[in-house]
Novice: 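The structure that follows is given in the form of structure tokens.
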Amino acid sequence: MSTLKEILTRRPVAATIRLTVPAGAARPAPPVGPALGQYRLNLMAFCKDFNARTQKYKPDTPMSVTITAFKDNTFEFTVKSPSVSWYLKKAAGVESGSSRPGHVTASTVMLTHIYEIAKVKQLDPYCQYMSLESICKSIMGTANTMGIQVVKDLD
């Protein structure tokens, strides 16, 4: 439960903006510029902060960003790791999943790949309290819906 001081010091939220931006490549051009510009947020401050936070990732890695814009023209943002489907496509070495999942197999990935993806996703703020086993099961379900077969070891 919130204390009275916390309630009184809360800033009113103008909007919550969700974007997918390449790692280390945030520029005040579309899609970042128009999304933040309409709320009169400092574009260069966001770009510098985002690029500094995502410099450990390879360039052009799609990062999900949730930006909370406040009415006093300030903002906060959280950066999540790339989507599971992006990791699976990279691990399987394919451009896209199967057009008919369940009927046609696009590729195969090993269980160790699933485990490595789960370890990376466990660092996300939304998955940090989930067990590694449950994250692995979720990733295996995503692989199944993409037409990527999970095998114990490649034969």
Side-chain angles (χ1 to χ4, degrees), residues 1-2 6 10-11 13-39 41 43 46-70 75-155:
M1 183 147 178
S2 300
E6 289 175 354
R10 282 189 191 149
R11 295 179 287 182
V13 175
T16 302
I17 307 160
R18 296 181 68 208
L19 295 172
T20 301
V21 184
R27 292 177 185 79
V32 177
L36 300 184
Q38 68 183 0
Y39 298 105
L41 302 179
L43 297 173
F46 169 76
C47 291
K48 285 181 183 177
D49 289 347
F50 177 82
N51 291 339
R53 283 193 201 179
T54 58
Q55 66 184 358
K56 65 181 179 181
Y57 292 95
K58 288 183 180 178
D60 297 328
T61 302
M63 306 295 288
S64 294
V65 186
T66 304
I67 306 162
T68 305
F70 299 106
F75 63 90
E76 293 175 353
F77 68 95
T78 57
V79 180
K80 293 192 288 183
S81 62
S83 66
V84 170
S85 60
W86 184 82
Y87 278 122
L88 285 170
K89 286 190 275 188
K90 287 293 180 187
V94 294
E95 288 293 314
S96 64
S98 173
S99 58
R100 296 182 59 210
H103 300 283
V104 178
T105 302
S107 185
T108 58
V109 292
M110 289 177 35
L111 210 52
T112 54
H113 291 121
I114 301 291
Y115 178 73
E116 294 298 323
I117 295 170
K119 284 195 338 191
V120 171
K121 291 303 281 183
Q122 195 174 31
L123 300 176
D124 270 2
Y126 301 109
C127 298
Q128 64 186 1
Y129 300 113
M130 292 174 66
S131 69
L132 205 57
E133 182 183 359
S134 62
I135 296 172
C136 284
K137 285 181 181 178
S138 173
I139 293 170
M140 289 168 78
T142 303
N144 190 28
T145 60
M146 291 176 66
I148 298 173
Q149 185 180 15
V150 179
V151 294
K152 196 168 190 176
D153 51 1
L154 294 174
D155 294 329

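Scope of the values below: all heavy atoms of this structure, side chains included, with no hydrogens, waters or symmetry mates. The structure presented is a predicted model; accordingly, all values stated were derived computationally and were not measured.
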Novice: Is there a side-chain contact between T66 and R18, using heavy atoms and a 4.5 Å cut-off?
Specialist: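 Side chain of T66 against side chain of R18, heavy atoms only: contact under 4.5 Å found.
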Novice: Which heavy atom of A106 sits nearest to which heavy atom of G97, and what is that distance?
Specialist: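 A106 and G97 have their closest heavy atoms at CB-C, 4.0 Å.
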Novice: Can you tell me how far CG of L88 sits from CD1 of I139, rounded to the nearest 0.5 angstrom?
Specialist: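 So the CD1 of I139 and the CG of L88 are separated by 7.0 Å.
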Novice: With a 4.5 Å limit on heavy-atom distance, are the side chains of S98 and M146 in contact?
Specialist: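 A side-chain contact is absent here, since even the closest heavy-atom pair is not under 4.5 Å.
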Novice: Tell me which one of I135, V84, T142, V109 satisfies side chain to side chain contact (heavy atoms under 4.5 Å, CB included) with I114.
Specialist: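 The passing option is V109.
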Novice: Verify, without hydrogens or angle tests, whether N51 (side chain) and A25 (backbone) share a donor-acceptor contact under 3.5 angstrom.
Specialist: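 Checking the backbone N and O of A25 against the side chain of N51, a donor-acceptor pair under 3.5 Å is found.
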Novice: Can H113 and Y87 be said to form a side-chain contact (heavy atoms from CB on, under 4.5 Å), step by step?
Specialist: CA-CA 9 Å; H113 291 121; Y87 278 122; over 6 Å; no
Novice: Evaluate the side-chain proximity of S83 to P62: yes if any heavy-atom separation is below 4.5 Å, no if none is.
Specialist: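 Not touching, per the 4.5 Å side-chain cut-off.
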Novice: Can you classify the ring geometry of F75 versus F46 as parallel (below 30°), tilted (30 to 60°) or perpendicular (above 60°)?
Specialist: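 Correct class here is perpendicular.
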Novice: Are any non-hydrogen side-chain atoms of K121 and S81 less than 4.5 angstrom apart?
Specialist: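 Yes, side chains in contact.
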Novice: Minimum heavy-atom separation for L41 and A69, please, with both atom names.
Specialist: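 Of all heavy-atom pairs spanning L41 and A69, the closest is CD1-CB, 3.7 Å.
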Novice: For T61 and P82, work out which heavy atoms get closest and say how close.
Specialist: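 Heavy atoms only, the tightest pair is CG2-CG, 3.2 Å.
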Novice: Are there more than 12 heavy atoms of other residues, nucleotides or ligands under 6.0 Å from atom CD of Q128?
Specialist: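 Yes, enclosed.
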Novice: Under a 3.5 Å distance rule, please check whether D124 uses its side chain to pair with a backbone N or O of K80 as donor and acceptor.
Specialist: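 No: the side chain of D124 does not pair with the backbone of K80.
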Novice: Measuring from atom CG of N144 to atom OG1 of T105, what distance do you get when rounded to the nearest 0.5 angstrom?
Specialist: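 Output value for this atom pair is 9.5 Å.
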Novice: Of the non-hydrogen atoms in G24 and F50, which two are nearest, and what is the gap between them?
Specialist: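 In terms of heavy atoms, the two residues are closest at N-CE2, 4.1 Å.
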Novice: To the nearest 0.5 Å, tell me how far I67 CD1 sits from L19 CG.
Specialist: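 That separation rounds to 4.5 Å.
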Novice: Tell me, do L132 and Y115 make a side-chain contact under 4.5 Å, heavy atoms counted?
Specialist: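 In short, these two side chains touch, coming nearer than 4.5 Å.
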Novice: Quick one: does Q122's side chain have a donor or acceptor within less than 3.5 Å of a partner on C127's backbone?
Specialist: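 Answer holds: no.
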Novice: Is any side-chain heavy atom of R27 closer than 4.5 Å to a side-chain heavy atom of V32?
Specialist: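 No, their side chains stay 4.5 Å or more apart.
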Novice: For P101 and G147, which heavy atoms make the closest approach, and how far apart are they?
Specialist: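 Taking every non-hydrogen atom into account, CB-N, 3.8 Å.
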Novice: Keeping the roles fixed (side chain from S107, backbone from A92), state whether a donor-acceptor pair exists under 3.5 Å.
Specialist: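 Present.
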Novice: Could you tell me the separation between the OG1 atom of T68 and the OH atom of Y39, rounded to the nearest 0.5 Å?
Specialist: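 One gets 11.5 Å once the value is rounded to the nearest 0.5 Å.
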